[in-house]
Amino acid sequence: MAGMSKNDFEIINRRMASVAGHLIPGQILTRNNETISLSGCSSGIDDTYHRVHGEVPSHIPEWTPAVDDSGKPFIDIVYEKAVGEGIAKITINRPEKRNAFRPQTVKELMRAFNDARDDNSIGVIIFTGKGTKAFCSGGDQSLRGKQGYADFDNFGRLNVLDLQVQIRRLPKPVIAMVAGYAVGGGHVLHMVCDLTIAADNAVFGQTGPKVGSFDAGYGASIMARLELHKNFLVFVCKFLRFVIFKNLIVGVSDVLTTSFESVGPKRAREMWFMARFYNASEAEKMGLVNIVVPLEKLEEETIKWCREILRNSPMAVRLCKSAINAIDDGHAGLQQIGGDATLLFYGTEEGTEGKNAYLQRRKPDFSKFPRLP
Ligand SMILES: CC(C)(COP(=O)(O)OP(=O)(O)OC[C@H]1O[C@@H](n2cnc3c(N)ncnc32)[C@H](O)[C@@H]1OP(=O)(O)O)[C@@H](O)C(=O)NCCC(=O)NCCSC(=O)c1cc(O)c2ccccc2c1O
């Protein structure tokens with residue numbers, strides 16, 4: 001590029017490599033224009049950020065059982081918190097039923113998610129299923145009646161819908177850690193989570209139409225919208241690599257073969273009309289999951305992602321979650337991001353002046369605050 005020194009070019013190269021690494025999960029372009037696998041993290045990268053922050057540790061934390069305010073025991077789930085770290089783990093514990101949920105399971109999950117939300121030492125929540133055969137196989141069909149799922153009551157419920165909304169609105173990242181089947185209502189649960197880390201034995205799909213059910217709420221809408229944005233970003237990064245690094249051979253072929261595969265409306269219809277199952281790598285290509293790792297590395301990798309998120313500004317992460325959900329969640333989405341704006345405004349001098357004036361029975365003096373262009 002005209003007028004640029006070798007040094008300028010190296011700086012741009014390094015910065016672009018770093019940005020590309022943030023935008024393309026799991027890989028990064030090095031100074032030498034080589035792509036290296038990050039496995040979701042920072043290993044081997046020599047830039048200022050990584051020198052300051054160091055590697056993200058991947059050891060499994062010490063888990064301690066957690067309770068909520070009710071003091072009631074959990075029967076269908078296991079609720080744990082990592083000792084000394086801001087990570088909570090919520091596990092559906094019905095492996096003999098492939099972690100199918102019943103109303104009781106959902107009630108307990110809602111209690112645990114609520115507790116993790118309220119606990120300000122917790123910054124990220126892992127949602128998973130016991131064992132390696134299933135994350136969750138959806139509603140317990142043996143309890144399905146004419147009004148929904150009934151366990152201890154003589155009427156049915158579809159209370160998993162409330163859980164979906166709760167996860168979506170929870171102002172902290174929720175990561176689905178999926179081994180084995182995530183199908184039916186279990187598939188919808190992983191989709192409403194913010195991120196999904198899948199083991200290589202994971203299987204995804206909707207089963208509703210096979211068993212006379214469907215989830216026409218988030219189950220349909222979120223799936224149809226999944227990951228179009230990510231694929232666009234991947235394309236932009238590859239294009240920039242091609243333009244800036246003049247990496248003609250890899251660049252041209254890469255750009256031309258960028259896969260725009262994503263769930264999108266056509267795939268969403270396929271998944272719902274056909275009710276087929278998809279393996280982990282197919283799900284990754286469709287943008288249904290963030291990364292696929294060997295089963296034995298699943299928890300390690302998930303913990304690494306949690307720790308990497310925990311290094312970042314909680315308020316920025318919170319705003320990113322509400323901003324990404326806002327458009328799809330309509331008024332509820334606007335309310336969430338609007339509430340975040342109020343939360344931030346309360347922390348300002350201008351907001352505080354209004355409250356103080358009211359409490360001190362005087363007119364507020366807003367004249368000192370700028371009316372910014
Ligand atoms: C998940 C499977 C593909 C696993 O197959 P696999 O061969 O590995 O295991 P088995 O089939 O032998 O299962 C072992 C054991 O678990 C029982 N089990 C598994 N899943 C369920 C289940 N969902 N409900 C009840 N029981 C289950 C199974 O019967 C076996 O028990 P044994 O006693 O015989 O050992 C496969 O199991 C499978 O396809 N499961 C069913 C998946 C399914 O159709 N789920 C329901 C979809 S509908 C739904 O989830 C749903 C729930 C909601 O709350 C909604 C609310 C609002 C709108 C829509 C909703 C909705 O659609």
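What you see is a predicted model; the values in this text were computed from it and never measured. In what follows, residues are counted from 1 in the order of the sequence shown. Just so you know, ligand 1 is whichever comes first in the structure, and atom 1 is the first atom listed for that ligand.
- Ion pairing between Asp68 and Lys72 fails under the 4.0 Å rule for side-chain N and carboxylate O.
- Protein non-hydrogen atoms do not reach within 4.0 Å of atom 11 (O) of ligand 1.
- By the 6.0 Å and 45° rule, Lys210 stacks over the aromatic ring of Phe277.
- For atom 54 (O) of ligand 1, the candidate residues are Val160, Leu143, Asn159; the nearest heavy-atom contact is made by Val160.
- Annotation: Gly139 places an N or O atom under 3.5 Å from an N or O atom of ligand 1; distance criterion only.
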Would you mind writing out the side-chain donor-acceptor pairs for residues 124-135 within the sub-3.5 Å range, not counting sequence neighbours?
from	atom 1	to	atom 2	distance (Å)
Thr128	OG1	Met177	O	2.8

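- Counting only heavy atoms, the protein never gets under 4.0 Å from atom 32 (P) of ligand 1.
- The nearest heavy-atom contact from the protein to atom 46 (C) of ligand 1 is Gln141 NE2, 3.1 Å.
- Cluster membership for Leu344 and Tyr346, using ILVMFWY side-chain heavy atoms within less than 4.5 angstrom, is not shared.
- Heavy atoms of Gln206 stay at 4.0 angstrom or farther from ligand 1.
- Counting only heavy atoms, the protein gets under 4.0 Å from atom 25 (C) of ligand 1.
- Shown here, atom 62 (O) of ligand 1 is in close reach of the protein: a heavy atom of it lies under 4.0 Å off.
- Proximity to Gly185 (heavy-atom distance under 4.0 Å) selects the following atoms of ligand 1: 49 (C), 50 (O).
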Check against side chain to side chain donor-acceptor pair (under 3.5 Å), Gln335 and Asp329: CA-CA 9 Å; Gln335 192 229 26; Asp329 288 354; over 6 Å; no
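- Closest to atom 13 (O) of ligand 1, if we only count protein heavy atoms, is Arg98 CG, 3.8 Å.
- Ion pairing between Glu350 and Lys355 fails under the 4.0 Å rule for side-chain N and carboxylate O.
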Worked check of salt bridge (charged side-chain N to carboxylate O under 4.0 Å, His left out) between Glu270 and Arg267: CA-CA 5 Å; Glu270 173 188 317; Arg267 279 282 195 168; 3.4 Å; yes
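- Atom 44 (O) of ligand 1 is flagged as protein-proximal [any protein heavy atom, distance under 4.0 Å].
- No N or O atom of Leu158 sits closer than 3.5 Å to an N or O atom of ligand 1.
- Distance screen at 4.0 Å: atom 38 (C) of ligand 1 has no protein heavy-atom neighbour inside the cut-off.
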Salt bridge (charged side-chain N to carboxylate O under 4.0 Å, His left out) between Arg157 and Asp151, intermediate numbers included: CA-CA 9 Å; Arg157 297 167 193 272; Asp151 42 16; 5.5 Å; no
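- Close N/O approach between Tyr149 and ligand 1 is not found [any backbone or side-chain N/O within under 3.5 Å].
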Pair Glu299-Lys304, salt bridge (charged side-chain N to carboxylate O under 4.0 Å, His left out): steps then yes or no: CA-CA 9 Å; Glu299 182 153 349; Lys304 240 163 132 182; over 6 Å; no
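- For the pair Asn290 (side chain) and Thr196 (backbone), a donor-acceptor distance under 3.5 Å is present.
- Residue contact check: Phe101 has heavy atoms under 4.0 Å from atoms 52 (C), 54 (O) of ligand 1.
- Ligand 1 is never approached by Lys133 to a heavy-atom distance shorter than 4.0 Å.
- Under the 4.5 Å side-chain heavy-atom criterion for Ile, Leu, Val, Met, Phe, Trp and Tyr, Trp272 and Val183 are members of distinct hydrophobic clusters.
- Polar contact check, Tyr181 against ligand 1: no nitrogen or oxygen pair lies under 3.5 Å apart.
- Using a 3.5 Å distance cut-off with no hydrogens or angles, the side chains of Asp340 and Ser322 do pair a donor with an acceptor.
- Among protein heavy atoms, atom 59 (C) of ligand 1 sits closest to Phe214 O, 3.0 Å.
- Close approach of ligand 1 to Gly138 is summarised as follows: ligand atoms under 4.0 Å from at least one heavy atom of the residue are 50 (O).
- Side-chain contact, Asn93 with Thr91: no donor N or O sits under 3.5 Å from an acceptor N or O.
- Under a hydrophobic-cluster definition in which Ile, Leu, Val, Met, Phe, Trp and Tyr are linked whenever side-chain heavy atoms come within less than 4.5 Å, directly or via other members, Ile175 and Ile291 are assigned to the same cluster.
- Within the 4.0 Å cut-off (strictly below), no protein heavy atom is located near atom 29 (O) of ligand 1.
- Distance from atom 60 (C) of ligand 1 to its nearest protein heavy atom, with residue and atom name: Ser213 OG, 3.8 Å.
- With hydrogens and angles ignored, the 3.5 Å screen pairs no side-chain donor or acceptor of Glu85 with any backbone N or O of Pro61.
- With a heavy-atom cut-off of 4.0 Å, Leu161 touches ligand 1 through its side chain alone.
- Near Glu96, with a cut-off below 4.0 Å to any heavy atom, the atoms of ligand 1 are 15 (C), 16 (O).
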Worked verdict on Asp115 versus Lys81 for salt bridge (charged side-chain N to carboxylate O under 4.0 Å, His left out): CA-CA 11 Å; Asp115 180 85; Lys81 291 179 185 170; 2.9 Å; yes
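- Salt bridge status for Arg102 with Asp140: absent, with no side-chain N to carboxylate O gap under 4.0 Å.
- At a heavy-atom distance under 4.0 Å, only side-chain atoms of Phe277, from C-beta outward, approach ligand 1.
- The closest protein non-hydrogen atom to atom 19 (C) of ligand 1 is Lys97 O, 3.5 Å.
- In terms of N/O distances under 3.5 Å, ligand 1 is not approached by Asp215.
- Put simply, atom 56 (C) of ligand 1 has protein non-hydrogen atoms near it, under 4.0 Å away.
- Any N or O atom pair closer than 3.5 Å counts here, and Ser137 shares at least one such pair with ligand 1.
- The side chain of Thr207, and not its backbone, has at least one atom closer than 4.0 Å to an atom of ligand 1 (non-hydrogen atoms only; side chain from C-beta on).
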